[in-house]
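Some notes on the structure that comes next.
Below, chain A is the first sequence line, B the second, and so on; all start at residue 1.
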Amino acid sequence: MRQDIFELAGKLGRNEPFDPEDMNSWLLIGADNRVSVFSGKVEIGQGGRTALAQIVAEEMESPFDSIDVYMGITGLVPFDRGTHGSWTIRMMRPALQKAAASVRETLLLMAAERWNLPPEQLQARDGAISVRGDPTRKIAYGELSQGKPLPKKLTGPPATKPVEQYRLIGRNVPRVDLPAKVTGKALYAADMKLPGMLHGKMLRPPSLGAKPGQADFSAARRQPGVIAAIQDGDYIGVVAETEEQAEAALEHIKVSYKEPEYNISTEQIWDYLKANSGEGLVIKESGSPQHGFHLAEKILKATYKAAYLCHAVIEREAAIADVTGDGAKIWITTSVPFGVRSDVALVLCMPEAKVQVAPTEIGGGFGRKNVGDAAIDAARLSRAAGRPVQVVWSREEDFTWGPYRSAAFVEVQGGIAKNGALTAWEYHVYSGPHVGGARARYGMPPDVKRERAEGHGPRADSGISRAVLPLYNIPNQITVAHASPSPLRTTSLRSLGAPMNCFAQECLIDELAEAAGMDPVQFRLSNLTDKDTGLRGVIEAATRKACWKPGKGPTGQGRGFACSLDSDSWIAEVVEVEVDRATGKVRVKRVVAAQDSGLVINPDGVHSQMESGIVMGCSATLNEGIQFKNGHILNASYLDYPIFTMMDAPTIELVIVPNPHMPAQGAGEPAFVPIPAAIANAIYDAVGARVRELPITPAKVLAAMPHHPS
Amino acid sequence: MPRTIHLTVNGHKHELAVEDNLTLASLLRHHLGLTGTKTGCEEGHCGSCTVLVNGSPLYSCLLLATAVDGQAITTIEGLAVDGKLHPLQQAFLDEEALQCGYCSPGIILNAKALLDKNPHPTEDEIRYSLSGNLCRCGLYQRIVRAVTNAAHSMAAKGAR
Ligand code: FES
Ligand code: FES
C-alpha cells in the first residue's frame with residue numbers, strides 16, 4: 001500500500017545521506033535474491049522503471065524479474081534533481097552500470113573467499129556465482145549478501161560487460177508499469193485515499209498578481225463540512241470533508257483584492273521581452289561576423305516568434321499532505337520529489353529531514369511536474385486541519401495558475417557566398433526563463449541560494465540557449481542569448497528553448513537555400529564538414545526513408561525538412577503537409593524522423609518517445625499558444641487550447657540510427673525540436689507562405705500567402 | 001436532499017443515496033472507490049472519464065448520478081473477466097499504446113463500444129470514434145494500431 005511507503009527505508013535499513021560513489025547507495029540484494037534498485041528518478045510514463053531494471057539486470061547478471069525499482073522516494077533513494085531534460089537514462093545508466101558491475105565483482109570475490117578458489121574460476125550467471133565448468137557448485141547472490149550492504153572489496157573501478165554480450169539492453173522488454181494502467185489499478189495522486197483524509201480548495205485571485213486584503217472566514221467556516229479556512233500571505237484556502245463542500249465554501253469567503261496595472265497582453269509580449277532583457281550572454285563568437293557579412297553574396301534577415309505554451313497534461317495537479325507534530329508526509333504527482341521536499345520544508349518552517357515525499361503514479365509531465373504546487377497547498381491546509389488533506393486542482397486552475405513555457409523572440413541573419421557556402425551568422429534570442437523561478441511565483445519565498453546552486457539566474461538560463469548554436473560550418477558567427485523576466489509564470493516544457501531556436505535557425509536555413517537556388521537538404525549537407533558524421537547520418541537516414549526529392553513549387557501539398565542536436569541526440573525530420581488555400585488550414589499528413597541516441601536500452605521505448613514528441617510538436621506548432629490580457633488567461637480550457645486529437649495526428653515513420661558504442665543519450669525530447677521548423681518549411685513548399693510566428697494558425701498562413709489581398 | 005438510486009456497476013448491483021449535484025464520475029471514484037475512471041477536466045473536453053452506460057460511451061463527468069438511475073455501468077475495472085484481460089487491454093499492452101496511462105481507461109472503454117457496434121472499423125472510423133479522447137503523450141498512432149489488432153483478435157476468437 002502506498003501509504004506505507006515511508007516505512008520502507010526503515011525496513012531496508014537505509015539512511016541518508018547516500019554516497020553516489022558507493023554501490024550500496026544504489027543497490028541492495030535481499031536474502032531472497034531480489035534486487036532493490038534505488039533511483040531518484042520517477043516513472044513519468046517514459047518507461048524509466050523498466051529501462052533502469054534492464055540496465056541493472058544486464059550488468060549484474062540477475063534475472064529481469066528479480067529486480068524491484070524504487071523511484072523518487074525521499075529518504076530511501078539517493079538525491080536527484082528531477083526527472084526532466086531527458087536525463088533518466090543519460091544520467092542513471094552510468095551510475096547504475098557502475099554500481100551493478102561493482103556488486104557483481106564484489107559478490108564474485110566473496111564467493112571466491114568462501115570457496116577458497118581464485119576468482120578467475122568463478123562466473124556470475126542468473127543471480128548466482130558458480131564455478132566455471134561445474135554448474136552444480138553455485139551460490140545465490142542473496143545467500144552471499146544476506147540482505148545486507150556489501151563490503152568494500154574492490155580496489156579499482158569494476159570491469160563492465162562488453163556491449164556485444166548484452167542480452168537485455170537493446171531489447172523491447174515489456175514495460176512493467178503498464179498492466180496496472182490498463183486495468184485501472186494504478187494509483188495516481190487524485191486516486192489515493194488516506195484514513196481521515198479531507199479535501200482542500202484554494203481561493204484564486206480575480207486576476208494574475210492580484211493581492212488579497214485580510215480575508216473574513218466567518219461565513220465560510222459555518223458552511224457544511226468545513227474544517228478549516230486559512231490565509232497565509234497571499235494564499236487563501238479551505239478544507240472540508242468533501243471536495244464539493246470545500247468548493248462551495250470558497251464562495252463564502254469575504255476578501256477584497258488589489259489588482260496591479262496590466263499593460264501587457266499576448267500581442268505585446270515580443271516588445272516586452274526585448275525591452276526587458278539585458279545585453280545578453282554571448283554563447284559563441286568565432287571569426288568576424290562583420291567580415292563574414294561583408295563577404296556574403298546574399299544576406300537574409302528575419303525575426304521569429306513563439307507564444308507561451310501550456311503543458312496541458314491530462315492529469316491535473318494533485319497531492320496529499322499529512323502534516324503532524326512529527327513532520328510532513330507528501331504523496332504527489334511530481335518529477336522533483338527532492339525539490340518538493342525542500343519547498344514543503346520551507347513553507348512549513350520545518351527541517352528537511354522531517355519532510356518525506358513519495359511520487360504517486362504520474363499522469364504525464366513534460367515539465368509540468370517540475371514544481372510541486374499541490375504539495376504546497378496540501379501541506380498548508382493539512383497543518384491547519386491537523387488531518388491529511390488532498391488537493392486536486394481544477395482544469396481551469398491548471399491552465400491558469402500552473403507555469404508555462406516562455407514565449408520567445410529571435411532576430412537572426414545569415415549570409416551566403418555565391419557557391420551557397422554559409423559565410424556569416426548572427427543570432428539573438430530573447431526569452432523569459434525556462435528553469436528556476438517558477439517556485440517563487442507560487443506563494444513561495446524565493447530560495448536564492450538554491451537557485452544559484454542549481455545554475456539558474458537571469459543571465460545564464462540554460463533553457464533559452466538550448467540547441468542555440470548553428471549546426472553548420474560557418475566561419476564567422478555570433479550567438480547571443482538574452483534573458484528577460486516573464487510576465488507569466490514559467491518553467492520548462494519538453495526541450496525548453498530548443499524548438500524555438502531550431503524554428504528560427506532551420507527556417508532561415510531554408511530561406512538561404514532558396515536564395516542560393518539549392519535544394520534545402522543539399523544546401524545543408526554541403527554546409528557540413530567531414531567531421532559532422534552524426535548529423536549527416538540522421539539527415540541521410542530521414543531523407544532516404546521519406547524518399548526526399550526536390551519540390552516542384554506550390555501545389556497545396558508540401559514537404560519540409562529540419563534537423564537539430566538536442567539532449568546529445570541527433571535528430572532529422574521530414575514533414576508532409578496539406579494546406580487548404582481557401583482557409584489556410586494545415587494538416588500534417590506524415591512525419592518521418594531519424595534519431596541517433598547512441599546506445600539504445602529499449603528500442604520500442606525510444607520509438608514511443610519519438611512518436612510522443614512529434615505529436616506534441618505538431619500540436620504546439622499549429623494549435624497551441626496561451627493568450628492573455630489584463631491579467632487573465634483567455635484560453636484556460638481544452639476547448640480554447642485545443643491540443644491535437646486522434647483526428648489531427650499524422651502518420652509517423654521512424655528510424656533509429658544504430659550507434660551502440662556511444663553512451664546512451666536523451667530520447668524524450670529531441671523529436672519535438674525540429675517539428676515547428678519542418679512544418680513551417682513544408683507550408684512554404686505547399687503554398688509559398690512563410691510564417692515566422694508560432695503557433696501557425698490558418699489566419700497567419702492566409703496572411704503570408706503570396707498575392708493575398710492583405 | 002439525498003436521493004436513492006439503483007445502479008449496476010460492472011455487474012454488481014448497488015443501492016446508493018446520492019446528492020442531486022453528484023456526478024457519475026464522483027460517484028464511481030469517491031463512493032465506490034473505482035478510481036480507474038479518470039477525470040482530466042471535469043468539463044466534457046478530454047474524455048478521460050469515459051465509461052459505458054448500457055454499452056454507450058459517455059463522459060461520466062457530465063452525467064449526474066441521478067440521471068443514470070437504473071442503468072448498467074461498465075468501468076475499466078469491469079473489463080477483465082476472471083483476471084483475464086479484455087483483448088483491447090491486451091492489445092494496448094502488446095502495442096505499448098500508452099505512456100502515462102491517464103487517458104487509457106477512457107480510450108479503452110470508448111474503443112470497446114466502437115468494436116461492439118462495428119467489429120471491423122477502418123482506421124478513419126477508429127480515429128473519428130476516438131477523437132473525443134485526448135492523449136497528451138500523443139500515442140495516437142499506437143492506439144489506432146492496438147484497436148485494429150484487438151478487432152482482429154476478437155474476430156478470430158469470436159469474442160465480443
Ligand atoms: S473529465 Fe470528463 S471529459 Fe474530461
Ligand atoms: S498515455 Fe499519457 S495521456 Fe495518453
Check this for me, if you would: do [X] and [Y] make a salt bridge, where the nitrogen-to-carboxylate-oxygen distance has to be below 4.0 angstrom?
{"X": "A:Glu361", "Y": "A:Arg49", "result": "no"}
{"X": "A:Glu576", "Y": "A:Lys589", "result": "no"}
{"X": "B:Glu42", "Y": "A:Arg316", "result": "yes"}

Heavy-atom distance under 4.5 Å to chain B: side chain of [X], backbone, both or neither?
{"X": "A:Ala186", "result": "backbone"}
{"X": "A:Glu243", "result": "side chain"}
{"X": "A:Glu315", "result": "both"}
{"X": "A:Val615", "result": "side chain"}
{"X": "A:Thr242", "result": "neither"}
{"X": "A:Pro179", "result": "both"}
{"X": "A:Ala180", "result": "neither"}
{"X": "A:Phe399", "result": "neither"}
{"X": "A:Leu178", "result": "both"}
{"X": "A:His607", "result": "both"}
{"X": "A:Ile44", "result": "backbone"}
{"X": "A:Asn172", "result": "neither"}

Tell me, for [X] versus chain A, whether the close heavy atoms (under 4.5 Å) come from the side chain, the backbone, both or neither.
{"X": "B:Ile108", "answer": "side chain"}
{"X": "B:Leu22", "answer": "side chain"}
{"X": "B:Thr75", "answer": "neither"}
{"X": "B:Ser48", "answer": "side chain"}
{"X": "B:Leu85", "answer": "side chain"}
{"X": "B:Glu43", "answer": "side chain"}
{"X": "B:Arg142", "answer": "both"}
{"X": "B:Gln89", "answer": "both"}

Of A:Ser619, A:Ser495, A:Cys618, the residue whose pairing with A:Phe672 passes side chain to side chain contact (heavy atoms under 4.5 Å, CB included):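 Between A:Phe672 and the candidates, side chain to side chain contact (heavy atoms under 4.5 Å, CB included) is satisfied uniquely by A:Ser495.
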B:Val51: which of B:Asn10, B:Leu28, B:Thr74 passes side chain to side chain contact (heavy atoms under 4.5 Å, CB included):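 It is B:Leu28; the other options fail the test.
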Largest heavy-atom contact set with chain A, pairs under 4.5 Å, which of [options]:
{"options": "B:Leu130, B:Leu98, B:Ile126", "value": "B:Leu98"}
{"options": "B:Gly36, B:Cys41, B:Ser104", "value": "B:Cys41"}
{"options": "B:Thr39, B:Asn21, B:Leu34", "value": "B:Thr39"}

Residue, of A:Gly47, A:Pro650, A:Ser608, that accumulates the most heavy atom pairs under 4.5 Å with chain B: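 Most heavy-atom pairs within the cutoff with chain B belong to A:Ser608.
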Side chain proximity check, B:Val81 to B:His86, heavy atoms < 4.5 angstrom: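 Not touching, per the 4.5 Å side-chain cut-off.
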4.5 Å side-chain heavy-atom contact, A:Asn635 and A:Ile626: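 Sidechains of A:Ile626 and A:Asn635: in contact.
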Chi angles and distances behind the salt bridge (charged side-chain N to carboxylate O under 4.0 Å, His left out) call for A:Asp398, A:Arg368: CA-CA 10 Å; A:Asp398 219 283; A:Arg368 173 65 183 90; 3.1 Å; yes
Salt bridge (charged side-chain N to carboxylate O under 4.0 Å, His left out) partner of B:Arg145, the single match among B:Glu96, B:Glu95, B:Glu123: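 Considering B:Glu96, B:Glu95, B:Glu123, a salt bridge (charged side-chain N to carboxylate O under 4.0 Å, His left out) with B:Arg145 is found only for B:Glu95.
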Verdict with reasoning, A:Trp393 to A:Arg204, per side chain to side chain contact (heavy atoms under 4.5 Å, CB included): CA-CA 11 Å; A:Trp393 286 20; A:Arg204 299 298 184 183; 3.3 Å; yes
